[in-house]
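In this chain, residues are counted from 1 in sequence order.
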Amino acid sequence: MPDRGSDKRRPSLVQTIRSDQPSSVATSLHPAAMLINPVFVESSVVLAVLLCVHMVVWNQHSWCSIALFIQAFYVQHKWDRLLRAGGAVFQFRPAANSGIVPGSMVMPLLGLVLKEKCSASGNVYFERFFMVVTITGMLLALFLSLIALGITRPVPTNTCVIAGMASSAILYTTKQTLTVSEVIEVLEVLLIFVYLSLIVLYLLPRCFTPGEALLVVGGISFIVNQLIKRSLNLAEVKGDPVNYFLPVIVVGSLLLGVFFALLFCFMESETWVSSLFFHMMTAVLGLGILMPWLSLFIGRHPIMWLLDFITLNDRRLCLLGYWVFLAVVATCVVLHQNYQRQSGSKKHQASTVVRKYFHLIVVATYVPGLIYDRQLLHVASVGCLAIFLFLEYVRYFRIRPLGQLLRQLLTLFLDERDSGPLILTHVYLLIGMSLPIWLFPGPCAPKGILPGAGGLVPYAGVLAVGVGDTVASVFGSTMGEIRWPGTKKTMEGTATSVFAQIIAVAVFLIFDGSINLNSTYSWIVGSITLVAMLEAYTSQIDNLLLPLYLFILLLL
């Protein structure tokens, strides 16, 4: 059976059948499948999510999001044509569409639903903050659309008119709803996004689609701006110290990557001298810049605070020991699979089932943390992100002594999504599972708990990626027979994915007493089904996209 876990999209029905499939399978599929464009179905699912948000949040920003969707849909058609013709300025990830529609809508929809929650709880500060997030996401998407239209030849008149109308509506709403200082903040994020996009897309070709670049670089740009803003206004710094670890780690990792990427353009990175310099500069950045920077936010030395934090009670020590055990298990899986390859096995790439072992390990990691100690899970996931990024830099730059070894070990687990110089699928898996925890609106939730379907918000990553995507890939690749029209994903895999997530929700209800669904079962099942359909038809990185859309739906 075909590998259902693969996200590679192919233009014709015949090409969706792998060469090792019997011809009877190809003839059993209806020719009408050739007429269905997966991009249209993907956009339809995103539109359904947008309409769900619009029904709950009925204001000028929700109307602007609809206008943004319409122009993004037209721009995606033009950008897909550019990618097929090889006319794009940068080299984007091959075997995937541009992803403008799903990528453009994430940040505005997140801002809308979080703003509504903060408005309902009476938190004016965060209500204004998420209004800025909404407008920022819209303007970043408009800027990306402007780039696409500017390099399209001939210039698409109708698409330009639609994009101009959407831009006018969004800019007018911005003028009416944001203060001058908030408009300046939005423009700062846009400026950071422009320069950061040029650097990232130039240094890392074929690592992103345009939609993924918008989502990743846009999020990083917003974090950088917020960190700089709060560093300049320390008197206004407030909130849980846990929340400051993520922005400092993201900015520090970004500085480290950009610095060494530019430096190693002029010097060899595989020598012992370069290795020594790399580790020394990493230590200088961490101990000399990031630690003092973080201490300004939390009011004490970060290492001492961290020691007190993790030793607060015996439960935290037990969780840490359990997570260390799972990390050892994951390492053993990698070593065992590489040993099989070196011992003469004919398999030179890990199968879908083997890759999903890591999804199961991550589920076993996150569920106990979500049930027993979410703050510890928040800090641990940020620390794990820092370790993943550091090891990826070591692998990418071939830093001795581990650089070449990491390249050999991880090559076995590559798929077509890792077509660029970076290996990001494991990083995306970690981020996708962690984003609902990092974004969980504690200040905007009554007593820290969201009622109804909102109680499942922290579990969005576990449901969408850990359970849904894993079960869909395993069952689709082993037992799937009927494909969704226009894709290589199977209906059996999608149906099993929905069923498995419903069972997971029932299990969470049993073990997590803080969840009270309040008879919102039909909404939960509908949300899970919508996200499962998005997984079946999207060619974007599902580890990153699916948790965010399920997060949005569960917050409504």
Worksheet entry | Nearest atoms (heavy-atom pairs only) where S231 meets F297 | OG-CZ, 3.3 Å
Fill in: Side-chain heavy-atom pair M479, E492 within 4.5 angstrom cut-off
no
Item to complete: Provide the closest heavy-atom pair for S539 versus E42 in the form atom of the first, atom of the second, distance.
Response: N-OE2, 3.9 Å
Worksheet item: Hey, is the main chain of Y396 close enough, under 3.5 Å, to the side chain of R407 for a donor-acceptor pair?
Response: yes
Worksheet item: Heavy-atom distance under 4.5 Å between the side chains of P302 and M291, does that happen here?
Response: yes
Fill in: Ring center gap for W438 and F245 short of 6.0 angstrom
no
Discussion item. For T487 versus R483, what's the shortest heavy-atom pair and its separation?
Written reply: O-CD, 3.6 Å
Practice prompt. Compare all side-chain heavy atoms of L214 with those of F193 and state whether any distance is below 4.5 angstrom.
Written response: yes
Worksheet entry | Main-chain N/O of A327 paired to T331 side chain as donor or acceptor, under 3.5 Å | yes
Worksheet item: Would you call the rings of F277 and F259 parallel, tilted or perpendicular if under 30° counts as parallel and over 60° as perpendicular?
Response: tilted
Item to complete: Taking all heavy atoms of S527 and all of L553, pick out the closest pair and write down the distance.
Response: OG-CB, 3.6 Å
Worksheet entry | Centroid-centroid under 6.0 Å between F90 and Y202 rings | no
Practice prompt. Sequence neighbours left out, what passes side chain to side chain donor-acceptor pair (under 3.5 Å) with E188? Give chain and number order.
Written response: none
Discussion item. Main chain of A472, side chain of D469: is a donor-acceptor contact present, judged purely on distance under 3.5 Å?
Written reply: no
Practice prompt. Without swapping roles, check the side chain of S43 against the backbone of V39 for a donor-acceptor pair under 3.5 Å.
Written response: yes
Item to complete: Could you check whether the rings of F278 and F260 sit parallel, tilted or perpendicular, using 30° and 60° as the cut-offs?
Response: tilted
Worksheet item: What is the minimum heavy-atom distance between L422 and R395, and which atoms define it?
Response: CA-NH2, 3.7 Å
Fill in: Ionic contact status for R93 with E212, cut-off 4.0 Å
yes
Item to complete: In sequence, state the C-alpha distance, the side-chain angles, and the governing distance for F390 and T282, and then conclude on side chain to side chain contact (heavy atoms under 4.5 Å, CB included).
Response: CA-CA 9 Å; F390 175 76; T282 302; 3.8 Å; yes
Worksheet item: Who passes ring pair (Phe, Tyr, Trp, His ring centres under 6.0 Å) against F358, sequence neighbours left out?
Response: F413
Fill in: Donor-acceptor contact present, side-chain S221 to main-chain V217, <3.5 Å
yes
Worksheet item: Any side-chain heavy-atom pair from M281 and L263 closer than 4.5 angstrom?
Response: no
Practice prompt. Classify the ring geometry between H426 and F388 as parallel (under 30°), tilted (30 to 60°) or perpendicular (over 60°).
Written response: tilted
Worksheet entry | Heavy-atom side-chain contact between I371 and Y459 under 4.5 Å | yes
Fill in: Test item: L545 and L215 side chains (from C-beta on) under 4.5 Å apart, heavy atoms
yes
Worksheet entry | Expected output: side-chain Q91 to main-chain R206 donor-acceptor under 3.5 Å | no
Item to complete: Identify the heavy atoms of F397 and A261 that sit nearest to each other, and give their distance.
Response: CZ-N, 3.6 Å
Fill in: Backbone N/O of I399 and side chain of Y393: donor-acceptor pair under 3.5 Å
no
Item to complete: Enter the distance from T365:OG1 to L377:CG here, rounded to the nearest 0.5 Å.
Response: 9.0 Å
Worksheet item: Taking NZ, NE, NH1 and NH2 as the nitrogens, is one of them in K489 or D542 under 4.0 Å from a carboxylate oxygen of the other?
Response: no
Worksheet item: Would you say the side-chain atoms of R316 pair up with the backbone N or O of F309, donor to acceptor, closer than 3.5 Å?
Response: yes
Worksheet item: Do V41 and W484 have side-chain heavy atoms sitting under 4.5 Å apart?
Response: no
Practice prompt. Report yes if some heavy atom in the side chain of V248 is under 4.5 Å from a heavy atom in the side chain of V382; otherwise report no.
Written response: no
Worksheet item: Is there a donor-acceptor contact under 3.5 Å from the side chain of S104 to the main chain of A72?
Response: no
Discussion item. One thing to verify: whether D373 and R315 come together as a salt bridge, which I'm taking to mean a side-chain N less than 4.0 angstrom from a carboxylate O.
Written reply: no
Practice prompt. Give a yes or no answer on whether the side chain of E392 reaches the backbone of I423 with a donor-acceptor pair at less than 3.5 Å.
Written response: yes
Worksheet entry | More than 12 heavy atoms from other groups under 6.0 Å of CG on D314 | no
